[in-house]
Amino acid sequence: MGEVIAIASQKGGVGKTTTSVNLGASLASLGHRTLLVDIDPQGSVASSFGFTRYDIKAGILDVFLDALPIEEAVHPTGVENFDFIPTNLWSDENERRKLIGVASKIKLKDELAGIREMYDFILIDCPPSLGNLTFNALIAADSLIVPIQCEYYALKALGRFLKLTRIIKNENNPNLRYRGFLLTMVDLRTNLTRIVIEKIRYTLQGMVFKTMIPRNIKLAEVPYHGQPVLSFDRNCKGATSYYELAREIVGENGNFVPVADDNQEVKVI
Ligand SMILES: Nc1ncnc2c1ncn2[C@@H]1O[C@H](COP(=O)(O)OP(=O)(O)OP(=O)(O)O)[C@@H](O)[C@H]1O
Ligand SMILES: [Mg+2]
């Protein structure tokens with residue numbers, strides 16, 4: 001049965017979608033059947049595979065509204081072993097958003113239960129907020145990947161997010177674990193980046209992936225090509241680091257860290 005991994009952080013622009021698309025393609029290229037579910041109303045996953053909103057006939061909204069069985073919202077990405085469910089929660093359609101706002105918090109978990117056997121990994125690309133959609137993802141998930149952009153205040157926003165994961169673990173999802181925190185957009189040419197990395201690794205001891213994702217222009221070109229980076233430049237730094245991350249996840253060192261209980265707070269400094 002597939003492992004459900006939510007890629008989440010309430011901070012915007014830290015690399016959640018880039019990680020979902022390119023880690024997904026790397027897991028698929030290692031032979032793992034992978035599904036990526038986009039629950040972010042921004043809909044960036046679809047553009048990463050060359051789809052416009054007009055190409056999408058069914059998506060996660062239909063699943064949330066019980067209008068379609070989840071299987072019918074699955075689209076091929078164009079990469080072997082890799083499917084996706086696009087969002088069609090367009091942000092300008094307030095009525096739809098309201099409906100999602102009142103959806104049950106276990107809706108996504110229940111729906112994914114029906115297709116988990118078809119995949120080895122199900123990745124969920126979360127929106128940059130702590131609303132009902134993110135709750136749904138954290139309750140559906142077995143584990144979490146939290147991208148952190150390497151900047152000085154990176155850890156500041158993390159406190160609230162760690163607290164939310166603890167609440168979800170205690171109230172709704174006792175087995176929730178971290179797969180790891182992922183350092184993204186790393187530019188090792190600056191001293192500041194090195195200091196920030198040290199601080200993050202010290203604070204989140206043992207919970208940060210060894211693999212770091214460098215700042216790499218090819219990763220930003222994914223929506224332009226409408227393909228994961230592995231499909232148009234497999235040797236660039238961006239592609240090789242997401243491939244390394246996939247190997248770290250499926251390899252012997254792909255450890256899990258339980259979400260801390262209330263009395264085992266991760267100190268964010
Ligand atoms: N390693 C990288 N190198 C260069 N550009 C990157 C890298 N990772 C992400 N980007 C670019 O940074 C921007 C933000 O990335 P992305 O959309 O993946 O973040 P996000 O966390 O999903 O954002 P949001 O919170 O809005 O959903 C995008 O323009 C993306 O192309
Ligand atoms: Mg995103």
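Whatever order the structure lists ligands and atoms in, that order sets their numbers, starting from 1.
When distances from atom 28 (C) of ligand 1 to the protein are checked, no heavy atom turns up under 4.0 Å. Remark: atom 7 (C) of ligand 1 lies closer than 4.0 Å to at least one protein heavy atom.
Listed by number with element, the atoms of ligand 1 under 4.0 Å from a non-hydrogen atom of V14 are 19 (O), 20 (P), 21 (O). Remark: ligand 1 atoms within the under-4.0 Å shell around heavy atoms of N216 are 2 (C), 3 (N), 4 (C). Within the listing of ligand 1, atoms 5 (N), 31 (O) sit less than 4.0 angstrom from a heavy atom of A220. Interface atoms of ligand 1 facing D40, defined by a heavy-atom separation under 4.0 Å, are 27 (O). In the vicinity of I213, heavy-atom distances shorter than 4.0 Å reach the ligand 1 atoms 1 (N).
Scanning the protein heavy atoms around atom 19 (O) of ligand 1, the nearest turns out to be G15 N, 3.0 Å. The shortest contact between atom 20 (P) of ligand 1 and any protein heavy atom is with K16 N, 3.4 Å. The protein atom (non-hydrogen) at minimum distance from atom 17 (O) of ligand 1 is T17 CB, 4.0 Å. From the protein, the heavy atom lying nearest to atom 15 (O) of ligand 1 is T18 OG1, 3.7 Å. In this structure, atom 12 (O) of ligand 1 lies nearest to the protein heavy atom M185 CE, 3.9 Å.
Tested against I148 for a side-chain contact (heavy atoms from CB on, under 4.5 Å), the candidates L204, T184, V14 yield a single pass: L204.
Looking at R215 next to ligand 1, no N or O pair under 3.5 Å apart turns up. For D125, no nitrogen or oxygen atom sits less than 3.5 Å from a nitrogen or oxygen atom of ligand 1, counting backbone and side chain alike. Annotation: P214 places an N or O atom under 3.5 Å from an N or O atom of ligand 1; distance criterion only. Backbone and side-chain nitrogen or oxygen atoms of G12 are examined, and none is located within less than 3.5 angstrom of a nitrogen or oxygen of ligand 1. On a distance-only criterion, Q42 and ligand 1 share at least one N/O pair closer than 3.5 Å. Checking only distances, I217 never comes within under 3.5 Å of ligand 1, N or O to N or O.
At distances below 3.5 Å, not a single donor-acceptor pair connects side-chain atoms of D233 with backbone N or O atoms of V229. A donor-acceptor pair under 3.5 Å is formed between the side chain of D62 and the backbone N or O of G59. Under the 3.5 Å distance criterion, the side-chain polar atoms of T134 are matched with a main-chain donor or acceptor of S129.
Residue L130 places its CG atom among more than 12 non-hydrogen atoms of other residues, nucleotides or ligands, all under 6.0 Å distant. With a 6.0 Å radius and a threshold of 12 heavy atoms from other residues, nucleotides or ligands, E117 has its CD atom at or below the threshold. The environment of E151 atom CD is dense: over 12 non-hydrogen atoms of other residues, nucleotides or ligands sit within 6.0 angstrom.
Figure legend: cation-pi geometry between K107 and F64 absent, as NZ or CZ is not positioned both under 6.0 Å from the six-membered ring centre and within 45° of its axis.
Residues A28 and T34 share a closest heavy-atom pair of N-OG1, 3.8 Å. Between I124 and L112, the closest heavy-atom pair is CD1-CD1, 4.1 Å.
Cluster membership check: L68 does not share its hydrophobic cluster with V37, using side-chain heavy-atom separations under 4.5 Å among Ile, Leu, Val, Met, Phe, Trp and Tyr.
D125 and T17 form a side-chain donor-acceptor contact under 3.5 Å, judged by distance and modelled atom types alone. A side-chain donor from one of E248 and T211 sits under 3.5 Å from a side-chain acceptor of the other.
Ligand 1 lies nowhere less than 4.0 angstrom from a heavy atom belonging to G238. At least one heavy atom of L219 sits under 4.0 Å from some atom of ligand 1.
Between S241, P147, G13, P41, it is G13 that holds the heavy atom closest to atom 14 (C) of ligand 1.
The Mg ion (ligand 2) lies under 2.8 Å from an N, O or S atom belonging to T17.
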